[in-house]
Amino acid sequence: MPNKIGKLRWASLTCLLALPLLSGCGGTAPTISFEESYPYAYVNEAYDIHDVLDVVDGVSYSFDASYQDYYTMSDVAIPVSDFSFTQTVKFDVHLIVSASSGGFTRKKSVDIPVKYAGDPIDVLLETGAMSGWADPGVNKEITQDSDKMHGDDSKSALSISYIGSNAYEWGTCVLSLNNFRLAPLWSDKDWSNAILTFWVYNPNEKPLDFQLRLVDNLTGLLNMDWTKQLDGAEYRQISCAPGVWTHCLFSLHKLGVDHLLTYTEDESRHDEFLVKERYEGAPDSGNDKVYSYRFYVDGVDVVPASTYPEVDTARVTSDELPDKGLENVPLDTGWQNSVGTYDYDAYMGAVSDCSLRLTFPHPASKNFLVLNPELAVEGYKTLTAVPDFTSGTLQGYFMFNDISASVSAQAIYYGSNGTDWVSSETVAMNLGSKDDKGWQLATLDVAKLTPTAAVKSKGAIRICFYFGSANLLSVIHLDTVKLVA
């Protein structure tokens with residue numbers, strides 16, 4: 001449907017030129033020009049030929065449209081009326097344009113690709129740039145076969161197939177749900193307590209297992225995959241039996257997600273929100289045996305938890321959630337000269353799931369990192385309160401690559417008027433000896449971080465770390481940063 005779905009994606013296609021047929025005498029032969037980019041035609045929706053043809057005043061046009069039925073190899077005519085035709089089957093349209101003026105007639109042809117006019121989410125998940133991404137061997141197509149769609153209100157479904165020799169013991173990525181173009185289409189825009197819902201029809205002999213891959217690169221608090229789970233089988237997967245429709249419901253809140261996971265257009269956010277699938281009839285991984293299977297997915301959406309009150313959305317305990325260190329609160333990107341990324345390969349001990357990796361592309365005399373616990377409380381709710389810096393010990397593990405090990409800390413508060421910021425003194429932290437992996441425990445009595453003026457509250461709204469000797473080659477890791485009594 002050119003006016004709705006067709007605008008989502010445009011095809012740049014090479015026009016197929018037929019030998020021009022000229023007739024008449026006197027006057028000037030008309031020209032026929034096709035647009036360089038024009039929309040697909042969609043099954044059972046009117047196609048406006050103005051979208052493909054540059055119409056010239058004073059020229060008379062007529063059209064012949066047809067398609068080749070690849071089952072019978074016969075050519076089938078399509079009626080054209082008032083610059084419009086409607087294709088009823090999913091075969092590309094061959095359009096011949098005849099232009100007449102001044103006693104001359106010229107003909108040109110163009111092939112217009114045809115697709116199903118699916119649900120907007122299905123259209124994006126089929127081939128919509130990043131939204132259409134899947135693991136090698138996976139192919140996705142929109143289908144409007146009523147036997148492959150779930151429910152009378154369904155407009156389309158996704159036919160997903162795999163062919164290859166990799167058994168993917170850890171699951172195959174089939175749906176990428178993190179693209180920014182999908183975000184406005186979800187029923188739930190808030191995600192404070194949301195559920196991912198979709199239906200699966202499995203026509204195979206063996207079950208299909210479905211699992212989410214969730215990576216929250218904004219806070220670093222979540223990195224869940226097939227082999228990296230929170231706790232117990234109930235979080236692992238949903239099994240879809242052969243020959244029936246199965247309703248897959250994943251509580252995102254239960255799995256540790258309470259804000260939108262997305263890959264933004266400017267790439268400032270690159271969270272992962274993927275659906276992975278594993279076929280239980282696959283051969284053993286690594287035996288190079290080629291195999292294939294197909295299944296159908298319908299009704300993909302993120303909805304409020306109230307839509308399915310029977311689903312358990314209770315958050316797992318904080319002990320079960322990976323990595324709650326202060327290094328995982330949002331970075332204050334407007335006030336630092338380091339670049340921070342979450343490193344899931346280097347972390348300190350079993351209690352951690354990742355560390356914060358710092359580099360310094362523009363090193364200065366005083367290189368620093370600023371953490372924003374205020375945003376963690378108010379925006380992303382990964383903390384219940386900003387840290388109280390009246391007593392206790394600020395501690396954390398640091399790993400330095402090739403620089404002199406030194407780190408200082410500073411706390412920032414709201415001033416007594418509730419708006420101006422007040423900073424503490426900058427105090428060097430005590431560094432312990434390195435362990436066998438190079439980690440050093442840094443500690444500091446927070447009583448030494450005395451504010452330089454009166455403050456509104458005892459909670460630090462920013463926590464700053466300074467690395468005086470960092471340079472272009474420096475890499476620093478932080479892990480398990482916390483305030484202890």
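Note that the numbering runs from 1 along the sequence shown for the chain. Here the structure is a predicted model, which is why all the values come from computation and not from measurement.
Taking the ring-ring contact (aromatic ring centres under 6.0 Å, His included) definition, one finds that Phe295 meets it with Phe210, sequence neighbours left out. Considering only residues two or more places apart in sequence or on other chains, Phe180 meets the side chain to side chain contact (heavy atoms under 4.5 Å, CB included) condition with Thr262, Glu265. Remark: Glu272 pairs with Arg213 by the salt bridge (Lys or Arg N to Asp or Glu O under 4.0 Å) rule, at least two apart or across chains. Residues forming a side chain to side chain contact (heavy atoms under 4.5 Å, CB included) with Thr143 (at least two apart in sequence, or on another chain): Asp145, Lys148, Ala157, Ser159, Tyr296. For Ser391, the side chain to side chain contact (heavy atoms under 4.5 Å, CB included) test picks out no residue, with sequence neighbours left out. Looking at residues two or more places apart in sequence or on another chain, you find a side chain to side chain contact (heavy atoms under 4.5 Å, CB included) between Gln440 and Phe400, Ala405, Leu431, Lys434. Under the side chain to side chain donor-acceptor pair (under 3.5 Å) criterion, Asn193 pairs with no residue at all, not counting sequence neighbours. By the side chain to side chain donor-acceptor pair (under 3.5 Å) test, Tyr293 is found to be paired with Glu277, residues two or more places apart in sequence or in another chain being considered. Listed by chain and residue number, nothing satisfies the ring-ring contact (aromatic ring centres under 6.0 Å, His included) test with Phe389 (two or more places apart in sequence, or in another chain). Qualifying ring-ring contact (aromatic ring centres under 6.0 Å, His included) partners for His270, counting only residues two or more places apart in sequence or in other chains: none. A search for ring-ring contact (aromatic ring centres under 6.0 Å, His included) contacts involving Tyr397 returns nothing, not counting sequence neighbours.
Two residues are said to be in side-chain contact when any heavy atoms from C-beta on lie closer than 4.5 Å; Phe465 and Val481 meet this criterion. Side-chain atoms of Leu449 and Leu444, non-hydrogen and from C-beta on, do get closer than 4.5 Å to each other. Using a 4.5 Å heavy-atom cutoff, the side chains of Asp271 and Asn178 are not in contact. A heavy-atom distance below 4.5 Å is not found between the side chains of Val297 and Val174.
Between Ile142 atom CD1 and Lys115 atom NZ the span is 6.5 Å, to the nearest 0.5 Å. In this structure, CH2 on Trp186 lies 4.5 Å from CG on Leu177, to the nearest 0.5 angstrom. To the nearest 0.5 Å, atom CG of residue Asp479 and atom CG of residue Leu441 are 11.5 Å apart. Taking CD1 of Ile412 as the reference point, atom CG of Leu371 lies at 11.5 Å (rounded to 0.5 Å). With rounding to the nearest 0.5 angstrom, the CH2 atom of Trp421 is 14.0 Å from the NZ atom of Lys456.
Using cut-offs of 30° and 60° for the angle between ring planes, the Tyr162 and Tyr291 rings count as tilted.
Contact detail for Ser251 and Val311: the closest heavy-atom pair is CB-CG1, 4.1 Å. Residues Pro113 and Asp92 share a closest heavy-atom pair of CA-OD1, 3.3 Å. In terms of heavy atoms, Phe360 sits closest to Ser338 at CE2-CB, 3.5 Å. Heavy-atom minimum distance, Leu260 versus Ala183: CD2-CB, 4.1 Å.
Around NZ of Lys189, the count of heavy atoms belonging to other residues, nucleotides or ligands within 6.0 Å exceeds 12. Around the CD atom of Glu425, the shell of radius 6.0 Å holds no more than 12 heavy atoms that belong to other residues, nucleotides or ligands. Enclosure of atom CG in Asp153 is not indicated, since only 12 or fewer non-hydrogen atoms of other residues, nucleotides or ligands lie within 6.0 angstrom. Other residues, nucleotides and ligands contribute over 12 non-hydrogen atoms within 6.0 Å of the NZ atom of Lys140.
Using modelled atom types, one finds a donor on one side chain and an acceptor on the other under 3.5 Å when comparing Tyr466 with Gln410. For the residue pair Asp135 and Thr172, no side-chain donor N or O sits within less than 3.5 Å of a side-chain acceptor on the partner. Counted by atom type alone, Asp258 and Ser192 present zero donor-acceptor pairs between their side chains at under 3.5 Å.
Ring centroid separation for the pair Tyr263 and Trp133 does not come in under the 6.0 Å cut-off.
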Acceptor/donor pairs from residues 240-248 side chains to any protein atom, 3.5 angstrom cut, sequence neighbours excluded:
residue: His247; atom: NE2; partner: Thr197; partner atom: OG1; Å: 2.7

